[in-house]
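This report refers to the structure that appears directly beneath it.
Residue numbering restarts at 1 for every chain, and letters A, B, ... go by the order of the sequence lines. In this text, all values refer to a predicted model and were calculated from it rather than measured experimentally.
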Number of protein chains: 2
Amino acid sequence: MKEGPDIAQIGALIGDPARANMLAALTGGRALTATELAAAGGITLQTASAHLSKLETGGLLTQRKQGRHRYFTLADEAVARLIESMMGLAASRGHLRHQPGPKDPALRKARICYDHLAGDYGVRMLDSLVASGSIDAIGDGLAVTAKGESQLQCIGIDVGCLKSSRRPLCRSCLDWSERRAHLAGSLGRALLSNFMEKGWARRMPESRSVIFSPDGERQFLKLFPLES
Amino acid sequence: MKEGPDIAQIGALIGDPARANMLAALTGGRALTATELAAAGGITLQTASAHLSKLETGGLLTQRKQGRHRYFTLADEAVARLIESMMGLAASRGHLRHQPGPKDPALRKARICYDHLAGDYGVRMLDSLVASGSIDAIGDGLAVTAKGESQLQCIGIDVGCLKSSRRPLCRSCLDWSERRAHLAGSLGRALLSNFMEKGWARRMPESRSVIFSPDGERQFLKLFPLES
DNA sequence: GAGATGCTTCGGTTAAGATCGAAGTATGAA
DNA sequence: TTCATACTTCGATCTTAACCGAAGCATCTC
């Protein structure tokens, strides 16, 4: 019965709590140093170093030396998707790491998922884009319509330019807190960075939370209204 | 940094080689007894029993007593999808459990993926359905067209009936051997069982391989032609 | 150069858990 | 009732690997 690829290796890599915490931290999309990841994993630097080299040879991480720092990132979007989908499964089975604390509501409201917006606001944005006819949805598949392309142009996003990249434009990503889809892909990334450039939202340091300014929140809710 | 669901638990469950083998065996879709799973994992019955109860309390498996047998199945399709996507990632990182053996080509040609057809033939079938306009594809999303509905009726599949179930009709599932999508969901299941009822194909015991009869293969290839 | 910072390697300890033998429980067959 | 089969529980062993202290290497600052 030795058939197919070896999932145990990958499972074991994710299966250690310290490594899982480091991977979850990297799901925030930022490149982090070994020292930062050691803190995220709650372990000393030596131990983290060993873990990181395992994760790298396992193909889940890539590193990039910059001066005396060593920055780690998830190897690619496929890894990020796997982590997120495991979070979804874990949440649905009730494997929670923590009792809902004060930080939790902010995280459920809006957070970074690799490089795009997730949480209540992420789900709302996609719902609104679909309802307004800017994005076509068939099952899990998403595509920008001609109408959507021109509307996104108004916000300041050049869809034609995004299309030329190798990365998929739209992708649906399952939200572990909302258990519904939000928008990933290069468009998801472009939208979030657009909000941050405009000063509508900013990232919290040391966390995946995304905080909207009062005015930014107003604009966002107006731009992406909900059907009632 | 204690945010979100605990992926380490699930990772650790999959991370043990014996458990991973048992889960992979269950990806074949059949309900298996503890004894069969012990063989699949290459361990004794006592050890398997301990593993199985862990997998069950972890929410990855469900069991059903029948006489003095105890049948185990993957808890739901979400688990099956996670396993398959981990296989995809593992394959793309070169984590292979075995040197390509004689059984391998058959497995790459056609195999069971939970309850639908995967491998070269599975990918071909979806490609052909899309090319003929029976299925619309946007990104990863799939939907049966009106034309497709009537064509499937001719084969003997009642799409309207499938639609009424809670399970999604079409879903794309990433093939680890082909690295392209094949058709899952209730329609994927219905198609495979249709082929088996007609005697076109049958399952190999103890394996995920699907073997086509000479005539069945001819019919299948005619029904799902490739663009050239 | 001297010193500080970021990270890796080495060595030894320790804890977790995978494993199996043996014995116990439940179900079915004779 | 008696025996066989399917599985679980208990107890003990043993391997794996996570962990940290200490020392070493590389890079930057001064």
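The distance between atom CZ of Arg70(A) and atom P of dC25(D), rounded to the nearest whole Å, is 16 Å. Between the CG atom of Leu52(B) and the P atom of dA18(C) there is a distance of 13 Å, given to the nearest Å. Counting to the nearest Å, the C1' atom of dA18(C) and the CG atom of Asn21(B) are 14 Å from each other. For the pair Met22(B) CE and dC7(D) P, the computed distance is 13 Å after rounding to whole Å. When rounded to the nearest whole Å, the span between CG of Leu13(B) and C1' of dG17(C) equals 13 Å. If you take OH of Tyr71(B) and C1' of dA6(D), they are 11 Å apart, rounded to a whole angstrom. If you take NE2 of His69(B) and P of dA29(C), they are 9 Å apart, rounded to a whole angstrom. As rounded to whole Å, 13 Å separates atom C1' of dA17(D) from atom CD1 of Ile43(A).
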Please walk me through it: do His182(A) and Cys113(A) pass side chain to side chain contact (heavy atoms under 4.5 Å, CB included)?
CA-CA 10 Å; His182(A) 59 249; Cys113(A) 172; 3.9 Å; yes
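Side-chain contact, Arg111(A) with Ser177(A): a donor N or O sits under 3.5 Å from an acceptor N or O. Looking at Arg189(B) and His116(B), their side chains never bring a donor and an acceptor atom within 3.5 Å of each other.
Considering only the side chain of Gln46(B), dG21(C) comes nearest among dT8(C), dG21(C), dA18(D). Which of dC20(C), dA6(D), dA18(D) sits closest to the side chain of Thr35(B) comes down to dA6(D). Nearest to the side-chain atoms of Ala34(A) among the listed nucleotides dT29(D), dC19(D), dT8(C) stands dT8(C). When distances run from any side-chain atom of His51(A) to the nucleotides dG6(C), dC20(D), dA18(D), the shortest one goes to dA18(D).
Minimum interatomic distance between Ser207(A) and Arg30(A) (heavy atoms only, all atoms of both residues): O-NH2, 4.2 Å. The two residues Leu169(A) and Leu162(A) come nearest to each other via the heavy atoms CD1-CB, 3.6 Å.
Ser53(A) comes within contact range of no nucleotide atom at all, as no heavy-atom separation falls under 4.0 Å.
Residue-to-nucleotide proximity on DNA chain D shows that, of Lys65(A) and Leu45(A), the 5′-proximal contact is made by Leu45(A). Nearest-nucleotide assignment on DNA chain D puts the 5′-proximal partner with Asp16(A), out of Arg68(A) and Asp16(A).
Residue Thr47(A) places at least one side-chain N or O under 4.0 Å from the OP1 or OP2 atom of dC20(D). Listed pair Thr44(B) / dC20(C) meets the phosphate criterion, a side-chain N or O lying under 4.0 Å from OP1 or OP2.
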